[in-house]
Amino acid sequence: MNTLVEVMDKTTGAISSADLAKDRHSTATVGDITVADPRITCRNVDVWYGAKQAIRGVSLDIGKNEVLSMIGPSGCGKSTFLRCLNRMNDTIDGCRVTGSIRLDGQDIYDKGLDPVPLRAQVGMVFQKPNPFPKSIYENVAYGPRIHGLTNNKAELDELVEGSLQKAGLWNEVKDRLDQPGTGLSGGQQQRLCIARTIAVSPEVILMDEPCSALDPIATAIIEELIDELRANYSIAIVTHSMQQAARVSQRTAYFHLGDLIEVGETNQIFTNPQHRLTEDYITGRFG
Amino acid sequence: MNTLVEVMDKTTGAISSADLAKDRHSTATVGDITVADPRITCRNVDVWYGAKQAIRGVSLDIGKNEVLSMIGPSGCGKSTFLRCLNRMNDTIDGCRVTGSIRLDGQDIYDKGLDPVPLRAQVGMVFQKPNPFPKSIYENVAYGPRIHGLTNNKAELDELVEGSLQKAGLWNEVKDRLDQPGTGLSGGQQQRLCIARTIAVSPEVILMDEPCSALDPIATAIIEELIDELRANYSIAIVTHSMQQAARVSQRTAYFHLGDLIEVGETNQIFTNPQHRLTEDYITGRFG
Amino acid sequence: RDTIYIVGSSTVFPFSTAVAETFGRTGKFKTPKVESTGTGGGMKLFCGGVGVDHPDITNASRAMKASEFEACQEAGVKEITEVKIGFDGIAIANSKSAEPWDLSLKDVYLALAKDIPDGKGGFMANPNKTWKDVNAELPDLKIEVLGPPPTSGTRDAFVELAMEGGCNSIPEIKDLKKSDEKKHKAVCQGIREDGAYIEAGENDNLIVQKLVANPSALGIFGYSFLDQNTDKVQGAKIDGVEPTYDTISDGSYPISRSLYFYVKKAHVGTIPGIEEYVKEFTSDKAWGPDGYLADKGLIALPDEERAAVAEAAQSLKSMEKPAK
Amino acid sequence: MYSWILMLVVLAVMAGAYQLGRRRAIASAGGPKHIKQLHSLPTYYGLYAALWAGIPALLLMGLWSGFQDRILIALVTAKLPPAMLDGLSDGRLSLLVSDIRNLATGNIVSAEVTPEIQAAADQYARLGVIAQWSMWAAVLAVALAGMAYAWMRTRPQMRARNRVESIFSIIMIIFSSIAILTTLGIVLSVLFESLLFFQKVSPLEFFFGTNWSPQIALRADQVGASGAFGAIPLFTGTLMVSVIAMLVAVPIGLLSAIYLSEYANRHVRSTAKPILEVLAGIPTVVYGFFAALTVAPFIRSLGASMGLDVASESALAAGLVMGVMIIPFVSSLSDDVINAVPQSLRDGSYALGATQSETIRRVVIPAALPGIVGGILLAVSRAIGETMIVVMAAGLAANLTANPLDSVTTVTVQIVTLLTGDQEFDSAKTLAAFALGLTLFLVTLTLNVIALSIVRKYREQYE
Amino acid sequence: MNNPAKDAAGAPRRTIDIVQSSLKRRYARERRFRLLGATAVVLGMSFVALLFADIILKGYTAFQQTYIQLPIELAAEAIDPDGTRDPAVLARADYMKPIREALREQFPEVTDRGDRRLLNSMISVGAPDLLRERVMADPQLIGTTQELWILADDDIDMLVKGHIDREAAEGDRRVKDQMIGWIDRLDAEGRVAKHFNTIFFTHGTSREPELAGIAGALMGSFYTLVLTLSLSFPIGVGAALYLEEFAPKNRWTDLIEVNINNLAAVPSIVFGLLGLAVFIAFFGVPRSTPLVAALVLTLMTLPTIIIASRAALKSVPPSIREAALGVGASPLQTQFHHVLPLAMPGMLTGTIIGMAQALGETAPLLMIGMIAFIVDIPKGFTDAATVLPVQIFLWADSPERGFVERTSAAILVLLAFLFVMNLAAVLLRRRFERRW
Ligand SMILES: Nc1ncnc2c1ncn2[C@@H]1O[C@H](COP(=O)(O)OP(=O)(O)OP(=O)(O)O)[C@@H](O)[C@H]1O
Ligand SMILES: Nc1ncnc2c1ncn2[C@@H]1O[C@H](COP(=O)(O)OP(=O)(O)OP(=O)(O)O)[C@@H](O)[C@H]1O
Ligand SMILES: [Mg+2]
Ligand SMILES: [Mg+2]
Ligand SMILES: O=P([O-])([O-])[O-]
């Protein structure tokens with residue numbers, strides 16, 4: 001309880017919170033964490049960085065053909081939680097995950113489970129764009145290549161072009177596909193990483209602030225893409241823009257200092273939050 | 001002329017552009033590029049990455065006690081232009097800058113000019129957060145140390161705390177100042193970099209999307225900070241959020257594919273853009 | 001500079017250092033510094049001039065050549081005392097685990113020469129592959145001889161004594177010497193390069209160990225190594241004579257050479273201890289048949305010669321220009 | 001001995017100057033509260049003063065120590081009776097001087113001491129003391145003068161940091177130029193003899209001849225004093241041994257580096273890496289013995305059991321052992337650069353479903369490639385320049401062959417044996433060593449120019 | 001959606017199916033790769049183990065030395081007739097005589113002159129010096145008879161250690177049957193024992209294996225390497241920094257870069273030639289000294305350090321430099337505060353390898369007079385000295401059997417030196433290592 005709360009206290013005064021007798025200190029999750037046809041089910045997930053606990057007992061489902069957005073103040077554990085879902089936390093020294101996370105009923109933290117096909121199935125766009133120090137073309141072609149998704153060069157070219165186009169980057173880079181991906185602007189790098197991820201057609205896509213460096217138009221393209229992808233896949237997206245959450249997601253989860261505070265229909269969360277903290281955060285958007 | 005334009009064409013149809021007979025293909029800057037009391041004056045700045053021109057003939061002033069925001073589609077050259085202003089482009093192999101950029105009348109690309117004090121005077125927050133792989137404390141203390149801004153440990157501690165507080169990070173990190181800055185969340189890193197920059201009290205501050213990874217509350221804190229800093233300093237900020245530009249800046253510059261298209265009072269730019277491209281972009285925000 | 005500075009032959013190095021150490025142990029003078037530079041290298045340094053930067057003494061596993069003497073003279077090293085210190089037998093040995101060899105110089109020549117007489121008055125590239133090809137009485141073993149490289153003094157002596165000796169035991173070549181001396185030398189001194197003779201570097205211990213590992217091979221090295229390794233290797237009889245202390249000393253063993261050192265007289269009297277060092281070296285307790293150098297493998301000069309040399313050395317008699 | 005003390009004193013003065021400079025800077029700014037007035041941090045003013053106090057003084061000291069003795073000797077010998085010096089060559093003079101010096105320093109002298117010599121020795125000792133003290137005085141004076149100069153120049157506007165940094169830059173430039181000077185030195189120290197060699201042996205024969213046999217040229221009085229000096233077999237031998245060595249070192253080194261930095265846990269890595277580094281420090285003589293006594297016989301008997309005819313000193317044995325020696329050049333340097341590849345790149349690859357080995361091979365290694373290539377080039381260089389192992393294990397027979405089971409010799413081996421064997425004045429044989437050295441130098445220079453342009457082409461940069 | 005792969009029927013296939021189908025193959029490759037890596041490490045380590053085992057097995061016996069216990073009568077009349085205890089007098093006395101007499105008393109039956117010589121030869125020629133040192137350190141001993149351990153000759157040492165084959169015919173070994181009998185008799189009386197070989201660690205070299213020590217070469221190596229390190233590390237790092245970070249990229253710096261790479265390939269002996277021509281002949285640096293050796297080795301190791309350091313600098317991400325420059329740090333500050341610490345592991349690696357190379361190098365030292373017999377232990381940078389690898393080289397080339405084990409022991413000492421030298425660097429390197 002800190003700056004955040006102080007600030008929010010100041011700002012929420014103006015808003016009627018008449019019927020809400022919510023306990024600002026309760027950390028139990030409010031709302032229905034389950035969905036009808038879940039792809040990913042998390043139960044009681046704790047994450048520790050060494051001795052520091054970053055996620056506390058989070059239970060949450062991600063359904064088929066849905067976009068789940070995760071919101072919450074900076075440092076509340078959104079990225080951490082996201083990285084649990086395809087075991088990207090394995091690469092961080094001293095990071096420990098407990099609880100159960102299942103993909104289609106299969107515990108992904110099972111000893112016997114192989115993270116490689118898991119990650120091919122659960123793709124991820126990172127918060128900081130991290131293009132490979134290779135050409136733009138190779139950046140996108142990398143995934144399909146290692147999985148052998150295409151049978152020949154022509155197919156691969158097509159796939160690369162298609163992915164770049166979907167990420168709204170094609171026109172900007174089509175003349176310089178052989179230039180290093182690291183020589184792109186911040187927003188271009190971000191879109192390159194999106195293109196790279198969708199090129200392998202993962203079934204669940206985790207996106208950590210995919211539009212943070214994008215202008216409204218590029219954002220719109222990505223949001224369109226997300227909408228399109230939802231037809232077949234599940235998507236979890238971390239965003240700081242509540243408008244964006246409202247635009248693209250069906251369900252929204254609100255995190256606060258490592259706890260999952262509230263989850264529910266996006267509409268409901270933004271219009272009628274159940275938890276005081278959620279409300280504080282939502283209304284604070286104008287602060 | 002690409003995706004962007006196509007998309008914008010689709011979206012601007014709905015908006016009345018009755019009285020605007022603007023030439024979409026003109027790249028001459030519209031609006032008054034000068035200010036009454038400039039700190040930085042740029043004239044005809046061209047920037048090249050090898051053979052590729054990233055900035056074309058940009059002339060622009062940044063005044064005392066003003067916040068200038070720069071907007072434009074991803075890849076249009078905002079970061080490139082910003083980096084010219086404190087000669088950060090020197091570090092990029094093959095990057096060439098021509099034209100004149102003056103700080104208080106002094107040509108900063110003058111042969112004899114020492115870029116070191118220049119950079120202490122013109123601070124910068126980078127688009128991708130880049131904390132030093134040192135402790136959080138050291139990250140912030142580094143600048144004051146090398147410039148000898150404090151006389152003893154207590155003063156330095158105070159300065160570090162103050163900077164972190166202004167960046168809205170103090171409460172989150174006060175218990176772990178000795179932990180590496182690279183172990184912070186994306187948004188925390190971004191605020192750390194802001195704290196690091198303001199710790200040396202530069203007189204001109206260049207901010208490249210300083211709030212891209214921040215939640216609304218943290219964003220509010222930074223915007224408040226910017227407002228506060230404006231009293232004494234000049235600030236140039238790149239942002240993708242037009243709301244943010246509108247909130248924090250007095251003047252706004254719109255870039256497009258390397259050209260400075262329009263510059264003017266923020267109010268005017270957002271309510272009554274003079275150039276077709278600007279209008280397209282502004283109105284596209286709802287796309 | 002107050003220490004004696006000695007350079008030169010690696011063959012004489014063990015003896016020179018033994019004397020130096022004993023000399024130093026007496027306490028009056030500092031232990032001389034002895035550098036192993038090879039005979040030629042030593043001569044070069046020695047003849048570099050007079051002065052503190054130049055050595056006082058050089059060791060040599062052969063006599064100083066006329067050309068070297070001249071170079072010395074030119075550089076101002078006018079007076080030089082030559083001291084012959086004894087003999088070094090060159091043994092041809094094999095592993096103790098195999099049969100001992102009995103070779104004649106002619107066998108050695110025919111086995112190792114580059115070109116040998118073809119029996120029709122001309123010469124041909126050495127066709128012998130096995131020892132049996134060389135001499136029907138010898139075993140049917142591949143010719144495999146490990147020996148020093150052309151850059152070594154030992155090789156020089158081996159060529160001069162063994163090869164040339166064997167060469168001259170063939171009458172038609174002996175005649176050649178009178179008619180065409182150049183050709184004679186080429187024939188006698190060329191060692192084959194087709195792998196039968198293996199240039200094994202300057203490290204004699206290495207050759208000894210290689211012989212142990214390969215019982216069918218022969219090796220060429222100095223007597224002191226044979227002496228120290230009598231349990232591992234055995235010297236071949238050459239022309240019926242075994243390499244022993246006595247046979248080398250009395251000259252009946254055919255492949256042995258003399259060892260020397262040379263003193264720069266100009267330094268005597270300024271660099272302290274040179275005379276005393278020479279005296280120590282030429283004392284019977286050092287280079288005598290029962291002296292400590294004999295223990296290190298030096299084969300002493302015959303008694304009279306030793307006395308004469310000691311006398312000349314201690315009075316620092318200047319040498320004449322060598323004949324060649 | 002005295003100069004050590006003086007050196008310490010100068011260092012002390014530098015430390016003092018540092019403090020003074022700092023204080024003065026702070027004071028000139030108007031106290032510790034106002035150091036913002038200063039152009040640079042007070043430390044830099046301190047360093048500035050220290051450098052002014054130290055560098056000229058140390059330079060003077062170096063020069064003085066270099067020339068003092070010469071001057072003293074000149075003074076002393078000038079006083080000697082001319083009769084003593086008459087017709088004395090330089091060398092004899094140096095002996096005389098050595099005698100005087102021995103006498104003066106109380107060392108043993110061998111000849112009886114004449115009064116003149118005794119007088120000279122006394123004078124030498126006396127002058128020596130005077131000179132020592134004058135050096136102290138002069139050096140300290142210069143140090144203090146430097147300090148005073150810096151002191152006077154210290155004012156807030158002085159760009160102390162820039163000045164100090166330009167001194168450092170100059171020092172760094174001097175450091176980098178050492179490579180050039182070394183090259184120059186090497187060329188100069190072999191050029192003269194090489195030219196002499198090429199007067200005796202035609203370059204055509206040397207560069208294109210396929211027969212190397214310096215043996216007949218052993219002595220001037222031996223037949224055909226020209227010998228055979230075709231260097232081709234030496235270069236092919238060098239090539240073969242180096243290639244074999246690289247075939248051992250690159251895979252083992254690179255794979256070890258990858259395993260240690262990517263798969264092994266910290267503990268294994270931090271012990272295994274230094275242990276592998278020991279391989280680079282084992283004296284080459286030891287490797288030579290190992291190659292000659294263990295590996296070569298083993299290969300030979302292995303070959304014999306397969307019906308192959310293996311020379312007892314095969315290129316293979318030497319190459320294998322040399323490969324072992326240079327493993328750490330590849331493994332440790334590669335390990336460092338692989339370790340320095342940012343984790344975010346690995347994450348990017350894993351997140352696409354790449355296995356660890358795919359990530360390593362396709363993302364990490366390419367990103368680390370410039371450094372890895374640097375390590376490999378260093379290893380190649382070491383292989384080309386290595387001598388002892390080949391001397392002991394590969395022998396000296398200059399065979400022109402492509403069969404690694406044959407014995408070969410290398411350029412370096414020939415240089416060493418020619419230079420350390422029974423040399424002779426101006427014989428082609430001894431001079432050949434210099435020509436070989438020069439040629440090898442030029443050949444590797446060419447290869448390096450080519451390598452540089454290739455590496456340039458494929459350089460990648462991340463982030 | 002995006003996936004062009006179709007199954008036989010032409011319907012799109014799930015990525016995961018394609019992935020699964022090829023996964024087995026990919027994993028096989030993964031395992032192979034990993035196995036290859038592990039094999040490489042194991043191979044590398046086993047080379048080290050093999051070499052070590054070889055050296056240790058050959059060398060460990062050298063750390064013990066055979067002594068014979070004899071009742072030595074230190075008669076006052078012989079050693080200090082005037083009873084002044086004047087060190088000069090004590091130093092001059094004949095100490096061999098009492099030893100020989102004591103030995104003869106053990107074997108009164110030996111009267112023949114030749115046999116006596118044999119008997120005497122069982123004692124090291126250095127024994128009297130050791131006895132002298134002992135007496136001079138403790139003059140109380142004079143006038144008493146002491147049971148003292150006397151250093152045995154190297155042949156006896158070899159016999160006792162089993163390096164001489166007793167079964168061999170008498171002519172085939174350097175120790176005669178008679179001597180074996182004497183030694184066995186002494187042994188039965190408990191008068192033969194192996195003690196820790198302190199001489200090996202405290203003495204300079206010697207012609208006699210039992211008296212030969214490594215201290216001179218060790219100190220020579222120490223002085224040489226201290227100087228080499230203090231020259232080559234700053235120069236190497238400075239040059240690398242300049243070339244990688246400051247120098248304009250132009251012809252001149254290209255030339256320097258090519259030059260440095262090329263110097264790495266120059267045979268080390270050529271550096272010896274350079275040292276001879278430039279340092280000794282031109283600058284008059286004294287021959288055979290740690291100073292000249294260090295200068296030559298510095299030039300030889302510089303390329304290694306520079307190349308490694310440049311590789312390390314290259315791998316520091318540019319964003320770190322930008323961050324520092326962005327807060328107004330000068331380029332030099334940026335380097336020293338941020339880049340150097342991150343590049344330090346690689347620089348230290350280069351230094352470790354370069355120093356290891358310098359420590360083990362022989363060839364260039366042949367040219368500058370280090371291959372010499374120098375008994376005195378050097379006390380400074382300009383004393384005549386030899387170094388460990390050269391000492392090893394010399395011992396390896398000595399005929400005496402006793403030097404075989406000493407050669408290996410010297411190698412062990414060198415490796416121990418290497419370990420100690422590297423330890424600091426390795427620990428330092430571990431502190432600097434981090435991933436980002
Ligand atoms: N190092 C570089 N080398 C080559 N081209 C570059 C480099 N950096 C940027 N560019 C190119 O220059 C143009 C302008 O880039 P810049 O980074 O200034 O864009 P931006 O306006 O900041 O975009 P964003 O909003 O995505 O950050 C882009 O087309 C980009 O691809
Ligand atoms: N590698 C790490 N080591 C230690 N602590 C970490 C590490 N990464 C993150 N943390 C801490 O864990 C908490 C959650 O971090 P996380 O990155 O999940 O936040 P986030 O919700 O993504 O924030 P943001 O919106 O700023 O990206 C933060 O307090 C952060 O400081
Ligand atoms: Mg995050
Ligand atoms: Mg940008
Ligand atoms: O060192 P050498 O005796 O062979 O000249």
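Protein chains get the first letters and strands the later ones, always in sequence-line order, with residue 1 at the start of each.
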Exercise for the section: For B/Phe81, enumerate each residue passing the ring pair (Phe, Tyr, Trp, His ring centres under 6.0 Å) test, keeping only those at least two apart in sequence or located in another chain. Expected result: B/Phe255

Handout entry: Closest-packed option against chain A by number of heavy-atom pairs under 4.5 Å, given B/Gly72, B/Ser74, B/Ser79
Key = B/Ser74

Exercise for the section: Return yes when atom CG of A/Asp93 has more than 12 non-hydrogen atoms of other residues, nucleotides or ligands closer than 6.0 Å, and no otherwise. Expected result: no

Exercise for the section: Start with the C-alpha distance between B/Asp208 and B/Val125, add both sets of side-chain angles, then the distance that settles side chain to side chain contact (heavy atoms under 4.5 Å, CB included), and finish with yes or no. Expected result: CA-CA 6 Å; B/Asp208 201 346; B/Val125 178; over 6 Å; no

Problem - Heavy-atom contact with chain A under 4.5 Å, split by part of B/Gln188 - result: both

Problem - With A/Arg196 via salt bridge (charged side-chain N to carboxylate O under 4.0 Å, His left out) - residues at least two apart - result: none

Exercise for the section: Against chain A, label B/Lys52 side chain, backbone, both or neither, depending on which of its atoms sit under 4.5 Å from a heavy atom there. Expected result: side chain

Handout entry: Among A/Lys78, A/His240, A/Gln244, side-chain hydrogen bond (donor to acceptor under 3.5 Å, both in side chains) partner for A/Glu209
Key = A/His240

Practice task
Sort B/Gln189 into side chain, backbone, both or neither according to what part of it lies under 4.5 angstrom from a heavy atom of chain A.
Solution key: side chain

Fill in the blank from the handout: Per-residue tally against chain A (heavy atom, under 4.5 Å) across B/Ser212, B/Ser241, B/Ser185 peaks at B/Ser212

